[in-house]
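The next block holds one structure in the form of structure tokens; read it before the comments.
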Amino acid sequence: MSSNPVLLKHVTKRFGEVTAVDHLDLEITAGEFLVLLGPSGCGKTTLLRCIAGLEEPNEGEIIIGGTTVFSSNEAIFVPPGQRQVDMVFQSYALWPHMTTFENIAFGLKLKKLPRVQIRERVGQVLTDLGMEGLEKRYPFELSGGQQQRVALARLLATKPPVFLMDEPLSNLDARLRLDMRSELKRLHHDSGATTVYVTHDQTEALTMATRVVVMEEGLIQQVDSPPELYRKPANLFVAEFIGSPRVNLLPARPISDDQGKWLQVRDFRLPAAWLPEEEEIVAAVRPENVSLLPEATPGAVEFQVYAVLPAGPEVFVHVVRGDTTLVARSNPLLNLEMDQSIWIKIDPDAYNYYGKESGQLLSAAARGK
Amino acid sequence: MRRGNYWLVLLIAGLSLLCTWVAAAEQDWGAIEAAAREEGKVVIYSVSSRMGNIVDEFMEKYGVEIEWYDLASDDQIEKFSRECDAGIYAVDVLYGNHLPALVNEFLPEGKVVPFVPDSTAPFLDENEKDPFLVQRWSSRSLVYNAALNPDGPPIDSLWDLTREEWAGKVIHPDPLSGQQGAVYQTILQHPEEMAAAYEREFGEAITLSAGINNAAEEWFLRFIQNGPVIGSSTSKIAKGAGDVTQTDLPAPIGWTTLSKLRKYGANYPCDPDYAAAPLYDLDPVFGVAYRTILALSAKAPHPNAGKLLIRYLVEAGLWPWNEIGDYSAREDIEALQVHLFNQPPFAEVKLWVTDPEYVYNTAFDYVEFYLSIAP
Amino acid sequence: MAVGPQQDQPSSKHVRRWRNRLRRRLRSPEFILSLVLLLALSYLVLVPLFNLTWRTLSWGPGDTRISRDAEPGKFTLAHWDRLLFGRTSKQMVWKPLTHTLITGTIAAALALILGGTLAWLVTRSNLPGRRWMRSVLTLPYIIPAFALAMAWETFFKSPITGGRPGVFQALFGVAPPIWLSYGPIPIIITMVVHFYPFAFIIISGALAAIDSQLEESAQLQGAPRWMIMRKITFPMVTPAFLSSLVLLFGRTVGGFAIPYFLGGPVQYWTLSTMLFRNFSLRLDVNGYVLAIILIALTSLIVYFNSRVQGGSIEKFQIISGKGFKTNITRLQKWRWPIFSLVATFALVAAVLPIGLLAYQSLMLVDGHYGLGNLTAHYWIGASNPGIAWGYPGLLRNPLVLGGAWNSIRFAVSGSFIAAIVGLLIGYIVVRNPRSWLSKLLNQISFLPYLFPGIAFGAMYLSMFAVRRGPIPALYGTFTLIVLVALVKRLPYTTRTGASAVAQIGQELEEAAQLQGASWLRRLRSIVIPLATSGIVSGMMVTFVGLMRVLAPIILLITPSTRVLMTVAYRFAEDDILQLSNALILLVTFITLIGELIIWRLGRGRLSRLREGNL
């Protein structure tokens, strides 16, 4: 299947006083699985609907597969049906008065395909999705997972070059959701369609995307591949939003003395591999980079165990010292008591530094110092 | 009445006399009938659905089809005037109780013309052919319950209705409904007679209340303040007054259309349920008479068939309307009630006749006056 | 704010922009349709309204009776000044206005509560016999209002109007107090009985469409029953509730027959009866002023309604894309007590008045209640000059038979067209809540509600008498009668159309749109099938209304387009009670049959599916 790139230029969408999407530029390359990620109300669904043509932006330009489908300057607006895109809705939007077959065949009928071909195509899609024999059921006779598949089948049947998905898994139970993730990923691989996927679930985003766009208040916070996003969040918002459990944030002052480079955090200090120029910073470190030691060692700081949260192959340990709380990922074999003392050690290379005022990632270019 | 109106009235009267004379001079009924057959059809706006009863016989006699629209008088006025203004001339004959509007609006505007068949004219009084042909007289009048008043009528004067013993015991149609408005307007038009009747009833000259100009207004004021009950239709009023089984005595006096007695009293005691009877001897009158008229549209599409139908409706085709309570305008056709129920002929009955000019011109003032004294 | 690189001359850019915008608009069937509807409604509604208003602001023919200075056609405020501030303004305007507000508001509120409760019981509970109950409960609306008022009068007859004692007095031995016979209380009660089916029909339509998964999920979270009702069920039928309220209010303040029969005897006048009295004296200008006050009054309610509803229409989309189930509430030990209550009510409000009418139509001489007086003459007898001026029995009277056929033709075609027009306007109003075009359509479509019927018909007679440009001459045609009735019913049809559309989740349409379905196709394949049950309820209300419509068409009827109610009206005027009662029964009967047929034909796939699912 062919795939089309999608280009967004300066797209702005306002609802009255509220700006849902704010001068947004984005290039979606052909064939990628792009996830729009953000908390609810960040504008991600609005952006998706702008691409689909279900909303008309106030300003900007949208180009799909080389065709300008929207331009505020030229007053161009190509209606949704002619944009080579299709969408899976959060609620599935199955037509309740049509059977599974009719739901899937609807778009094909509109394309005036011969009856035989329609039958064949619908059968094919249903087989692909493991839904044989459900043709004559009405939506209310299907389970949630089956309804979800019908919605997918409806999209696949017409083979649009761009797939849009608006939180398609949020109405499923946890297990089904996991299954569907891999299925969707496989589907994307097989169809090769450019996919734009909206979710507020960061795990979903990180597991499925080739690239993730993190949005907040109508603005793009960061666009990156999942590993990069995880490793180098561009600002405090992204740092906090990505990762579970949350990243540890330590308000710190960089200190450099004859013993080396330090981060002064309240009443303790931690060794650092490099230091930024700012006086006041926030140091972010993932739980997996926090090690727990049973006894004092050089560079380690004493904390008390606050809570132990086993999670199968790993254990997350909350530790406190005064006003400072940290989460560490640890080996489940470690035997810990509540309130016992423990020493933490942080990989000096694992920090990301953010300006205290700006919240932006402080560039590693300063690293040479 | 203002001075300008006198001139208008004189002018209209003169014109219409001229018209009648001209029309009368030209009535060649052989030619009219032949032309009517040629026209083949006549359209009439009829206030009465009994028109349906003569459709077949008219067809048989003259070969002319009657297309009749069942329309209340007010609706006829509205429809006819809209049609004329739009240049549509669809109707030939208007038949209803709309004399005030016809005389004051349509005649001066040239929308209708009077037509009185010369064969009928000799049998009519002046006020039955000037300006429009009157087919019959109907009346609104006071009735009492003859069965529950075996000694005869409980009252003998309109002024009795203002006495305390009749408070809340008179039922009348809404004073702000077309025909009943005309009834009270007609009474208000006769202040001297009302003053004289007062003296006859109470033996002294009348003292007027503040803001009241004459005896007729004083009567209306006292009558309305005596709390008459409004009945929602003249049938219900006739039934209410005439029912012999009622227990809340004295039985009320009712103000109704006289023809309603056909069902609610004229047959007493053969029909033992209702005994409403007219208060013929009331001083000065027991009611008000009004005309049901026939008029020809000025631009009638079937003028000859229209004339033929008008003549028929005051001759052989009168029968469906020769009913108790209605008096044929023609003196040579005796009202059924005179003959069958020993009732007085029209000439002797104590009724005032509505004056279309007066009713039309004082309509706004009447409403103002009524509302200013209404509870 | 610079947007993208600009190489073009600003002027040519502008031209292109406008050209594109225009082309886009002109290619959108929805926009074109809105525009066409707006133009049509402007002519059909605003022109009469303008005529009406202008007449109250100028001197007309015959106004020399009011003022010597009256010069026909000249502007004046004298009419308004006289009526609002004159010597009798209290009697003419202010008292009737107060009465209208009191009876109208209370009756509308009570009818809403009654209709809503019954709708819930019939659609969502295990009340015994709810299928037939549904039909019986709509009967009081099919019985004409004046027949209901007369039934009340017969039962609670007061000695002040003379005549034989009423049923109440016969049963209890004492005369009922006057306030129970006439005045605001009987007006309110009969109005509630007459108008609750409105709310009943509309709200049952909405309730039947609720996906009870929504309710169940609340139940699973442990919400108590009443809380679910209050927090889930009630908010979801809010649009139906609000539409019903507006329609009910319009009907109760505009209603004529009930306040006339039950208010008149004790001088309890309302705006509409006062309006009628002025028309009856041919003082139309007074009537027009009162009509405008009435129109303004309900426009306020419509405005309020659109304020409440307009902003948050999305909340009410209850047919979502997830399929649905309808569950019913078990009444348990209350099942039979509630049933007997509802059944008694249905008996008293629906069956009793019809029985009374039927009995009266069988009496040779009306008022004689003996068995010997029973006859079928008025139904099947041949013409007998001794009875009722020789009118033959109803079923032998060519007038009646022709009228019956016309009535059916009129009501069927009228309600069908009305349903389509209402759906289209409702669609535009609901789907473009922010567009000025749809706001305008919404407002205009409500105006004909309170136009005085006769005056409305008269204006149409003038407007369509001759050909005016693209507007054809419709004088004397069946089309004109359908048109005037259509416009008069517009407020109902638009509102039922809107609430039907409001229930359909927007994403259902968007999904089709993305697959390339044009607007018309979406309407045909998605909106109409899903809105069917709502449309059908609206159609039933319109059908009933059209079978009974009288005043607006009375001037437009020709002998060949006579309908049953015009014939019944004349019989009533001629005081042939049996014939007019028999005719009303016939109308009621035909209406019922028609309703059943519409119901069967138009239930739609969805409701059949749902019934199978019960």
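Because only heavy atoms are used, hydrogens play no part in the values below, and waters and symmetry mates are left out as well, while side chains stay in. Convention: sequence-line order gives letters A, B, ...; per-chain numbering from 1.
Side-chain atoms of A:S91 and C:E507 include a donor-acceptor pair closer than 3.5 Å. Side chains of C:E30 and C:N432: a donor-acceptor N/O pair is present below 3.5 angstrom, by distance only.
Cation-pi geometry between A:R83 and A:F77 is met: the NZ or CZ atom falls under 6.0 Å from the ring centre, inside 45° of the normal.
Ring planes of A:H10 and A:H23: perpendicular class, angle over 60° (limits at 30 and 60°).
Proximity to chain C (any heavy atom under 4.5 Å) is shown, for A:R154, by both the backbone and the side chain. When heavy atoms are compared at a cutoff of 4.5 Å, C:R19 does not approach chain A at all. C:S518 does not touch chain A: none of its heavy atoms, backbone or side chain, sits under 4.5 Å away. Contact annotation for A:F106: both backbone and side-chain heavy atoms come within less than 4.5 Å of a heavy atom of chain C.
Of all the listed residues (A:Q148, A:R49, A:K111, A:Q82), the one sharing the greatest number of non-hydrogen pairs under 4.5 Å with chain C is A:R49. Between chain C and the residues A:G53, A:P79, A:P80, the largest count of heavy-atom pairs under 4.5 Å involves A:P80.
Separation of the C:W519 and C:Y427 ring centroids falls under the 6.0 Å cut-off.
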